[in-house]
There are 2 protein chains.
Amino acid sequence: MRLGAAIGKMRGGGYKATPQRMAVLRALVEEQHQSLEEIRARCPEVGLVTVYRTLDLLGSLGIVRRLDLGDGARYELAENHHHHMICESCGDISEFEECPLDPERLPSGRADFEVRAHSLEVYGRCGACR
Amino acid sequence: MRLGAAIGKMRGGGYKATPQRMAVLRALVEEQHQSLEEIRARCPEVGLVTVYRTLDLLGSLGIVRRLDLGDGARYELAENHHHHMICESCGDISEFEECPLDPERLPSGRADFEVRAHSLEVYGRCGACR
DNA sequence: CACTAATTGAAAAAAATTTTCAGTTACGGA
DNA sequence: TCCGTAACTGAAAATTTTTTTCAATTAGTG
């Protein structure tokens, strides 16, 4: 389970699994690519500063990833695969499951780079906007 | 040529190709994924506000893309293909050319989405950090 | 070459993020 | 189970980033 793994990573790094951190984590589990304010709305009991600090911490542990797809910063759980579809007209962000990557052509081995995860953004126009 | 196409897009949208805008464009051509301050250092004669406004404009014209890979906002010319390799240890960002995408598995047609461009971020550890 | 809508820059305002610091708490070890 | 301590929190303040305002300037059409 997601939260369990996150707690493990925190403890392993010498960090405490506080109620505030768990609340932020739960907010992140509920929906992907939320803005700071959206996250905050899901855990109003946690102070603003703590949300920032928690997102930082989770980011440095590789649990959360910050992304900016044109509007402000957004946060999401760092899945190993992540595939976004972004409409350049209306700005809508959606996700799709099937991974279009050919692992053979990833820069593993080559370039001496060890691949752990990836995030793909496909830009274009959604059905509604065409 | 890049700059020519950009000027065309600006004119076409009813916008003027001013010296300031051209200076920002030239800065962007010199290097990809720069921070605002890095861009500004390459065209110190352009006012801060104008740099922001120009990046906005170029963004809305699809010429420039803003991205955030963990540190602050960065800007890059919006190539149709873009492949980043990000080291989670040292934060270094590099690019690679070969496109590992299988076009057949992109969400074109399916999902009613018209694909125009993509950006791929591969996360892992670079040679130096391993 | 003149006209006009678009553009610029400086200052001010607003928004986002980070720092400070005193008080609180999680949790490993006795 | 309880203690001690390093880690954590929240409020306010500071800092940084981004946007707005507005009077003066300019690119580019006609």
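Residue numbers begin at 1 in each chain, while the letters A, B, ... track the order of the sequences. We use all heavy atoms of the structure for the numbers below, so side chains are in, but hydrogens, waters and symmetry mates are not.
Nucleotide D/dC8 holds its P atom 14 Å from the CE atom of A/Met22, rounded to whole Å. Between the CG atom of A/Asp68 and the C1' atom of D/dT17 there is a distance of 13 Å, rounded to whole Å. Here D/dT26 presents its C1' atom at 15 Å from CE of B/Met10, a figure rounded to the nearest Å. Between B/Arg40 atom CZ and D/dT17 atom P there is a gap of 11 Å when expressed in whole angstrom units. Between B/Leu55 atom CG and D/dT17 atom P there is a gap of 15 Å when expressed in whole angstrom units. If you take CD1 of B/Ile7 and C1' of D/dA27, they are 13 Å apart, rounded to a whole angstrom. Rounded to an integer number of Å, the gap from A/Leu57 CG to D/dA7 C1' is 11 Å. Rounded to an integer number of Å, the gap from CD of B/Glu38 to C1' of D/dT17 is 16 Å.
The side chain of B/Gln20 places no N or O atom within less than 4.0 Å of a non-bridging phosphate oxygen (OP1 or OP2) of D/dA27. For the OP1/OP2 pair of C/dT18 and a distance below 4.0 Å, the side-chain nitrogens and oxygens of A/Tyr52 include no atom meeting the criterion. Contact between the side-chain N/O atoms of A/Tyr15 and the OP1/OP2 oxygens of D/dA7 is not found at any separation under 4.0 Å. Look at A/Thr50 and you'll find a side-chain N or O under 4.0 angstrom from OP1 or OP2 of D/dG10. Residue B/Thr18 places no side-chain N or O under 4.0 Å from the OP1 or OP2 atom of D/dT26.
The side chain of B/Leu48 has D/dT18 as its nearest neighbour among D/dT18, C/dA11, D/dT9. With C/dT18, C/dA10, C/dC27 as the choices, the nucleotide that has an atom nearest any side-chain atom of A/Ala17 turns out to be C/dC27. The side chain of B/Arg21 sits closest to C/dT7 out of D/dC8, C/dT7, D/dA11. With C/dT8, D/dT19, C/dA5 as the choices, the nucleotide that has an atom nearest any side-chain atom of B/Lys16 turns out to be C/dA5. Of the candidates C/dG9, D/dA6, C/dT20, C/dT20 carries the atom nearest the A/Arg53 side chain, counting heavy atoms from C-beta on.
Counting any heavy atom pair closer than 4.0 Å across all strands shown, B/Glu37 reaches no nucleic acid atom.
Here the shortest heavy-atom pairing between A/Ser35 and A/Glu38 reads N-OE1, 2.8 Å. Closest approach of A/Arg74 and A/His33 over heavy atoms only: NH1-O, 2.9 Å. B/Val46 and B/Ala23 get closest at one heavy-atom pair: CG2-CB, 3.9 Å.
Residues A/Glu97 and A/His83 bring no donor and acceptor atom of their side chains to less than 3.5 Å of each other.
B/Tyr52 does not carry B/Arg40 over the face of its six-membered ring by the limits of under 6.0 Å from the centre and within 45° of the normal. Both the sub-6.0 Å distance and the 45° axial angle are satisfied by A/Arg65 relative to the ring of B/Tyr123.
Comparing A/Gly14 and A/Val51 by the nucleotide of DNA chain D whose heavy atom lies nearest to each, the residue mapping closer to the 5' end is A/Gly14.
For A/Arg11 and C/dG28, a side-chain-to-base donor-acceptor distance below 3.5 Å is absent, hydrogens and geometry of angles not being considered.
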